[in-house]
Structures are given as C-alpha cells and as structure tokens.
Enquirer: 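Here's a structure for you.
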2 protein chains.
Amino acid sequence: MEWNLDDSRSIWPQLREQIMRAIVAGEYKPGDAFPTVRDLAQDAGVNRNTMQRAMAELEGDGLLITNRTSGRKVTDDQKLILKIKEELAQKNIENFIDEMQSLGYTAEEAVKMAERVTEKKGVNDK
Amino acid sequence: MEWNLDDSRSIWPQLREQIMRAIVAGEYKPGDAFPTVRDLAQDAGVNRNTMQRAMAELEGDGLLITNRTSGRKVTDDQKLILKIKEELAQKNIENFIDEMQSLGYTAEEAVKMAERVTEKKGVNDK
DNA sequence: TTTATTGTCTTATGCACCTAAGACAATATC
DNA sequence: GATATTGTCTTAGGTGCATAAGACAATAAA
C-alpha cells in the first residue's frame, strides 16, 4: 500500500490510521492474510518497532487478529469494519465543519463551498 | 481567547494556527493591539518561549507586526487576511474530501453526508 | 527432528520539543 | 533621568519518539 508520513506528528498513529483506512475502504478484505511486521515496516520505510506499535493498536481496535507464528489477518467481523468506517466518516465531517466555522464560515456556507469544489473538479481528481 | 491544545502534535504550530484562525475570523481586528508574549503564554498555559516561536512565525506570515518595545499589533493589510482565510478554507475542503475518499466514499457522497449533518443539527450546534 | 519464520521484548542512542529561568537592548512611561 | 515594559537570546534539563539491533518463545514448514 501507499504510505504518506508526516514528520509533524508521531509516526505510529499515522501508520495505524492509514492501515485502518485501507481496511475500511476494502483495500484489505475481511479474513485476508496480512504482511509481517518486518515486511510492512520495510515497505513503509520505518523501524520494525514503530510498525509493531501500530499493529498492536489495530489489534486492540479489533481490526487485526494475531496468530503468534503464522502472522496476522484482517478480522472477519464485517459489522465492526462498517461501524468503524461510519465513525471515522462522522468525525471527519464534524471536524470539517468545526474548522470552517473557526475560520468564520457558517456550516451551510462550508457545505456549499465543498459542493462547488466537487462540481468543478470532478470526483476522482485532486 | 480559547485555547485547544493537543499533545499529539507540537504545540507551537497549534498556537500559530489558532491565532491565525482568530485573526481571519475577525476575532482580532486589523490594526488591533496584541497581548504581550508573556501574557499570552500565561493565558494559554505554555512557556513563553513556545509562544514566542508561534508569534515569530505569524510575523513571518505577515499577520502580526512587531514593535520592539511597544508590543505587537495585527496587520492592517485586509487583503492579506482575506487571502489567507480563503487559502485555509480551500485546504480544509480538499483535505475533507481526500479523507472521505480514502475511507471509500466518493466526493459527491461526502458532500451529501455533510449536508445531511448540517440539516439535522443546525448551524451553531456541534 | 531440525530449521526457518513470526511476534514480541529488551537495551541503547540520538533528536526534537517543551519547560524553566536568567539576561539584555530598546524604548515607552513616569 | 530613572524605571518598567517588551521582545529576544541563551543555557540547562527532562521527556517522548524513532531508530538500531540483539534475543527468545512458539510454531509452521521441511
């Protein structure tokens, strides 16, 4: 997968978030085998301890299942995945509106401006 | 002003952003006198060196003007303030849509979901 | 049974940031 | 002219994170 790391924040939460998004977006399917810590660390260009931390958190989230010597797999619990996806979306929307309001826009203005951007640029650009 | 500091990121950029938002939102008017570093630091509950760093950055942004012994004031350049406000809004919108897409939604879906939230909850709630 | 793989634990090192607090030059204020 | 204010610079110490790399138990694979 593609990594996008920002040195203004700690790395392990970013790894956690990005893997989480990949799972809820269906990039990794429920039940899929998952790369080893060492491989994934190398792929992302981070130390294996850092990736280890992210994986442990994702296990705590219930998204990854660990089998001591046979590696990890994505959870089979599709309801959990959907629930997390919707929670992330909700937080994202609220955060967007909050920030626009802190700039001095109303929520309606914020939504209308976003609408205008999507109409101009199309769905898949950016 | 009200401070909202998060220990998952460095503090000085957060101070910078929050002061910047307060200025573009009109909470501080163009030409207004600005509190001293020491006062503002105490108000925010941070060390004065940390606040100093944020102020220096804001001066670099052109939003604050420093007079060595008489303190600081907000810039008179209303065009600059407006320009920064619009840039922040633009970035915010793009960021919102990017994140929703990374969760597996289309840009249109993202906007519609945001629309639904504002309709339900009203402008000034949260 | 032997070997390799995998997750995990541990110790050590370096770095960036925050805090703390002293000091000083420029200048507004009295 | 004396004093206080203000921004700024400096040194010191503590903390959390990332890196690096060795080690080990459990177990899959040969």
Side-chain angles (χ1 to χ4, degrees), chain A residues 1-20 22-23 28 30-76, chain B residues 1-20 22-23 28 30-76:
Chain A
M1 66 180 279
E2 202 179 312
W3 303 99
N4 206 332
L5 299 176
D6 174 4
D7 62 358
S8 76
R9 285 197 307 148
S10 300
I11 293 178
W12 68 262
Q14 300 184 57
L15 297 174
R16 177 189 176 194
E17 288 163 16
Q18 289 179 31
I19 294 171
M20 187 179 284
I23 292 175
Y28 289 101
D32 268 6
F34 217 70
T36 68
V37 177
R38 287 168 173 84
D39 284 350
L40 217 50
Q42 188 169 29
D43 183 48
V46 301
N47 189 273
R48 71 183 199 243
N49 302 310
T50 307
M51 185 60 77
Q52 165 77 22
R53 176 72 187 272
M55 306 284 258
E57 299 282 339
L58 287 162
E59 196 179 344
D61 295 325
L63 287 175
L64 292 184
I65 309 294
T66 301
N67 274 50
R68 182 89 191 188
T69 57
S70 65
R72 291 187 167 85
K73 59 165 195 161
V74 180
T75 180
D76 275 320
Chain B
M1 66 181 279
E2 203 180 311
W3 303 99
N4 205 331
L5 299 176
D6 173 4
D7 62 357
S8 77
R9 285 197 306 148
S10 298
I11 293 180
W12 68 261
Q14 300 184 57
L15 297 173
R16 178 188 176 195
E17 288 164 17
Q18 289 179 31
I19 294 171
M20 187 179 282
I23 292 175
Y28 290 101
D32 268 7
F34 216 71
T36 68
V37 177
R38 287 168 173 83
D39 284 350
L40 217 49
Q42 189 169 27
D43 183 47
V46 301
N47 189 272
R48 73 182 198 245
N49 302 311
T50 308
M51 185 60 77
Q52 165 77 21
R53 176 72 187 273
M55 306 284 258
E57 298 282 340
L58 287 162
E59 197 180 343
D61 295 325
L63 287 176
L64 291 184
I65 309 293
T66 301
N67 275 49
R68 181 90 191 186
T69 57
S70 65
R72 291 186 166 87
K73 61 166 194 160
V74 180
T75 180
D76 275 321

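Bear in mind the structure is a predicted one, so any value in this text is a computation, not a measurement. Chain identifiers are assigned alphabetically (A, B, ...) following the order of the sequence lines, protein sequences preceding nucleic acid strands; residue numbering begins at 1 within each chain. The basis for the numbers below is simple: all heavy atoms, side chains too, and nothing from hydrogens, waters or symmetry mates.
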Enquirer: What is the separation between atom CZ on Arg53(B) and atom P on dT10(D), rounded to the nearest whole Å?
Expert: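 These atoms are roughly 15 Å apart.
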Enquirer: What is the distance, rounded to the nearest whole Å, between atom CE of Met55(B) and atom C1' of dT8(D)?
Expert: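 So the two atoms are 12 Å apart, to the nearest Å.
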Enquirer: Please state how far atom CD in Gln52(A) lies from atom P in dT19(D), giving the value in whole angstrom units.
Expert: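 Value for this atom pair: 14 Å.
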Enquirer: Listing time: all N or O pairs from protein to nucleotides 21-25 of chain C that are below 3.5 Å?
Expert:
from: dA21(C); atom 1: N6; to: Asn49(B); atom 2: OD1; distance (Å): 2.9
from: dA21(C); atom 1: N6; to: Asn49(B); atom 2: ND2; distance (Å): 2.9
from: dG22(C); atom 1: N7; to: Arg48(B); atom 2: NH2; distance (Å): 3.3
from: dG22(C); atom 1: O6; to: Arg48(B); atom 2: NH2; distance (Å): 2.3
from: dA23(C); atom 1: N6; to: Arg48(B); atom 2: NH2; distance (Å): 3.3

Enquirer: Side-chain contact test, heavy atoms from C-beta onward, threshold under 4.5 Å: evaluate it for Leu64(B) versus Ile23(B) and give yes or no.
Expert: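 The answer is yes, as the side chains (C-beta and beyond) meet within the 4.5 Å cut-off.
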Enquirer: Would you mind telling me which residue lines up with the more 5' stretch of DNA chain D, Ser70(A) or Val46(A), judged by nearest nucleotide?
Expert: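 Between the two, 5'-proximity favours Val46(A).
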Enquirer: If you take all heavy atoms of Arg16(A) and Ala54(A), which pair is closest and at what distance?
Expert: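 Answer, listing the atom of Arg16(A) first, then Ala54(A): N-CB, 3.9 Å.
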Enquirer: Could you please name the option among dG7(C), dG7(D), dT19(C) that lies closest to any side-chain atom of Thr36(B)?
Expert: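 So the side chain of Thr36(B) is nearest to dG7(D).
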Enquirer: What residue among Glu17(B), Arg72(B), Met20(B) forms side chain to side chain contact (heavy atoms under 4.5 Å, CB included) with Leu58(B)?
Expert: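 For Leu58(B), the side chain to side chain contact (heavy atoms under 4.5 Å, CB included) test succeeds with only one of Glu17(B), Arg72(B), Met20(B), which is Met20(B).
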Enquirer: Could you state the CD-C1' distance from Gln14(B) to dC17(C), rounded to the nearest angstrom?
Expert: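 Gln14(B) atom CD is separated from dC17(C) atom C1' by 12 Å.
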Enquirer: Flag yes if more than 12 heavy atoms outside Glu59(A) fall under 6.0 Å of its CD atom; otherwise flag no.
Expert: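 Enclosed.
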Enquirer: Specify the separation, in whole Å, of atom CZ of Phe34(A) and atom P of dT6(C).
Expert: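 Value for this atom pair: 14 Å.
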Enquirer: Check Met1(B) against Ala22(B) and note the closest heavy-atom contact, atom names and distance.
Expert: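 Reported closest heavy-atom pair: CE-CB, 4.0 Å.
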Enquirer: Rounded to whole angstroms, how far apart are CZ on Arg72(A) and P on dT5(C)?
Expert: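 The distance from CZ of Arg72(A) to P of dT5(C) comes to 18 Å, rounded to the nearest Å.
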Enquirer: If you define the side chain from C-beta out and look only at heavy atoms, does anything of Leu15(B) sit under 4.5 Å from Trp3(B)?
Expert: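 The answer is yes; the side chains approach within 4.5 Å.
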Enquirer: Does Arg9(A) make a side-chain N or O approach to OP1 or OP2 of dA18(D) shorter than 4.0 Å?
Expert: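 No, no such contact exists.
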Enquirer: Roughly, in whole Å, what's the span from CG in Leu15(B) to C1' in dC17(C)?
Expert: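 Spelled out: CG on Leu15(B) to C1' on dC17(C) is 13 Å.
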Enquirer: Can you find a side chain N or O atom of Thr50(B) that sits less than 4.0 Å from OP1 or OP2 on dT19(C)?
Expert: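 Yes.
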Enquirer: Heavy atom of residues 56-65 of chain B under 4.0 Å from DNA chain C: which residues?
Expert: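 Output list: empty, so none.
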Enquirer: Just so I know, are the side chains of Gln42(B) and Arg38(B) near enough to count as touching, which here means a heavy-atom distance under 4.5 Å?
Expert: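 Not in contact.
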Enquirer: Write down the distance between CG (Asp6(A)) and P (dC17(D)), rounded to a whole number of angstrom.
Expert: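 For the pair Asp6(A) CG and dC17(D) P, the rounded distance is 16 Å.
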Enquirer: If every non-hydrogen atom of Phe34(B) is compared with every non-hydrogen atom of Met55(B), which pair is closest and at what distance?
Expert: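 Shortest heavy-atom separation between Phe34(B) and Met55(B) comes out as CD2-CE, 3.9 Å.
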Enquirer: So, does Gln14(A) use its side chain to make a donor-acceptor pair with the main chain of Arg9(A) at under 3.5 Å?
Expert: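 Here the side-chain-to-backbone pair exists.
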